[in-house]
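Some notes on the structure that comes next.
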Amino acid sequence: MSQRWHQPVGWLFLLPLILLGPTWLATGRAEEQPIDQQAQRLLAARCSVCHSTDLVLQQRLPRDRWEATVDKMVHWGAHLDKEEATLLTSYLATYFHQDAGPVVALPAAPSVQAGRESGATPAPGGVAARGAALYKQNCLPCHGEAGSGGVGPKLARNPILAQADRFRMTVSQGRGAMPPWGSVLRPQEIADIHAWLNALRD
Amino acid sequence: MRNHEGPDITRRRLLAGAAGSLAFALMGGRLRSSAEAAEPEPGAPATDQPLITHVARPLDAETPPQVFTQYLTPNDQFFIRSHFGPPAPESVAPAVWRLHVAGLVERPLSLSLNDLSQFDEVSVTAVVQCSGNGRAFHRPKAPGVQWEKGAVGNARWTGVRLRDVLQRAGLKDQARHLQLQGADRPVVASVPLFTRSIPLEKALHPDTILATRMNGAPLPLLHGSPLRLITPGWMADSCVKWLTDLTVQEEEAGGYYMQTAYRYPSRPVKPGEVIAPQDLKPVEVMVVKSVIASPQQGAILAGGAAMVRGVAWSGEGRIVKVEVSTDEGKTWEQASLVGEDVPYAWRQWQFLWRTRGSGRRTIWSRATDDRGQVQPMTSAWNPGGFLWNGVDRVQVQVREA
């Protein structure tokens with residue numbers, strides 16, 4: 001009895017989170033991630049649309065020049081809101097300042113990130129409703145609105161969608177100009193994006 | 001395109017971190033520091049070195065200095081500077097490509113490659129150098145691609161005189177500037193186009209050419225095929241690639257790449273200082289400069305004698321002297337100028353160095369031109385990090401004789 005009672009309550013409790021999925025994921029996830037990692041993720045997802053990020057990491061600039069540079073990029077079309085721009089600028093000004101050495105090893109991410117893509121666990125089933133926001137945040141700059149294509153290939157109705165494993169491996173390991181997402185997105189999140197893409201019609 | 005991609009300690013160290021794979025992707029695969037980049041690829045002859053990639057996409061890659069032991073820089077070792085990367089090859093294929101001449105002209109033109117070939121053919125051997133060559137040496141660092149020594153090359157360019165084409169179109173009285181537009185496009189349409197202009201005097205100069213060939217071969221796509229402007233003596237920001245549109249105007253071109261980027265202060269400035277727009281002029285003529293091609297940075301030399309070789313050039317002047325110092329500038333000795341002495345091309349030089357003793361030694365070089373310009377120890381700082389021409393320096397190790 002008590003078990004039966006618990007389950008519905010649990011679900012009811014989760015319901016708002018599912019309904020508010022996109023916002024919850026965007027903010028909740030962000031706060032859970034260390035700030036340097038959030039910044040690295042923004043760099044990979046938003047700054048490599050027009051040029052590879054080596055152009056960014058070879059600079060050694062004072063904070064005001066970083067601010068001006070990030071502003072210029074946003075003006076030209078980099079997808080960053082105010083908060084993200086501040087976060088990224090602060091990261092760049094901290095590690096890529098004028099006296100930084102020739103090669104800056106990016107600070108190691110905490111161990112929660114390690115072994116995410118172990119391959120040992122079976123691929124989870126995706127939830128399309130959660131995939132929309134994740135797609136928008138991470139993939140849209142390169143793959144376009146509704147997977148229509150851009151710097152990266154069109155993903156809507158892409159044959160790779162029929163092969164869930166290949167999709168997951170490609171996304172988590174990266175390919176060519178596409179960064180690897182394995183240390184950034186959980187297998188569940190990749191599956192959610194997959195489910196959302198699968199539901200698209202052209 | 002050949003890039004440095006060999007595994008090295010830096011890469012291993014980065015990969016050891018949990019964020020390693022992401023970091024590696026962020027670095028675009030190029031994890032060599034500038035010092036490592038100048039080291040030769042094992043087994044390859046000194047002149048057959050791959051380009052050093054600074055930006056993987058769109059490609060920005062420089063020539064290792066040891067390639068400059070050759071007078072002409074081979075096409076596949078010539079530095080590559082891309083704003084957006086080359087246009088799709090189909091869009092500039094001979095069947096569809098046209099050069100449009102419009103604006104303040106009597107007769108607007110639309111010329112095919114075949115139409116262009118009807119003009120007199122001319123060739124010029126000229127240095128083409130990125131305005132940001134040597135940016136990495138400015139202190140404090142200036143934003144932009146961190147070019148070291150090799151965003152420069154010397155090639156034989158063949159094509160037709162720009163002047164002949166403009167005369168065919170007929171210039172109106174108000175004509176003062178020529179706007180240049182190539183076929184390359186940014187991946188996101190909100191990014192400004194690479195639109196440039198040159199003053200009419202330069203456009204009408206008989207040595208300014210529309211080139212279709214580079215070192216005798218058809219212009220490679222990465223170097224502007226089918227048509228690239230060559231403005232001998234001027235920095236390469238005017239040498240627009242994949243040219244499709246010439247527009248004769250009264251004013252300079254507008255837009256980011258002419259009005260904001262590629263500008264240089266007309267008075268000395270301090271880092272961080274606010275500079276009024278009227279004090280910033282377009283980067284044009286090259287400054288006097290020399291580079292040491294051999295021995296290469298970090299080389300280990302047998303004691304006794306070593307031949308130091310390099311190249312020197314100056315935008316509109318002639319190189320009259322190159323000096324070498326092996327005691328960090330206390331004394332300078334003259335190198336001999338060798339090879340061809342041609343306007344706009346670089347001059348080769350060599351210096352027989354009698355090494356005394358053993359250990360670490362530095363070699364410095366500095367050039368002087370016939371206008372009295374001397375290569376300075378360091379170049380004036382400027383916000384764009386342009387026109388670096390500080391004395392070139394190489395450190396080597398001399399073994400016991």
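Just so it is clear, the values below take in all heavy atoms, side chains as well, and ignore hydrogens, waters and symmetry mates. Quick note on labels: first sequence line is chain A, next is B, and so on, each numbered from 1. Worth saying up front: this structure is predicted, and the values here are computed from it rather than measured.
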Bottom line for B:Tyr256: the part with an atom under 4.5 Å from chain A's heavy atoms is side chain
- Do the charged groups of B:Glu252 and B:Lys281 touch, with an N to O distance under 4.0 Å? no
Of the listed A:Ser48, A:Pro62, A:Gly150, the one with the largest count of heavy-atom pairs under 4.5 Å with chain B is A:Ser48
Side chains of B:Glu62 and B:His54, donor plus acceptor under 3.5 Å: yes
* **Modelled atom types, side-chain donor and acceptor of A:Asp54 and A:Gln58, under 3.5 Å** => no
Open item on the list: With a sphere of 6.0 Å drawn around CD1 of A:Ile160, does it hold more than 12 non-hydrogen atoms of other residues, nucleotides or ligands?
Closed with: yes
Bottom line for A:Val56: the part with an atom under 4.5 Å from chain B's heavy atoms is neither
Okay, B:Ala142 and chain A: the region with an atom under 4.5 Å from a heavy atom over there is backbone
Applying a strict 4.5 Å limit to non-hydrogen atoms, the region of B:Pro271 in contact with chain A is neither
Bottom line for B:Pro143: the part with an atom under 4.5 Å from chain A's heavy atoms is both
- Task: May I ask you to decide if the ring planes of B:His83 and B:Phe194 are parallel, tilted or perpendicular, using 30° and 60° as cut-offs?
- Result: parallel
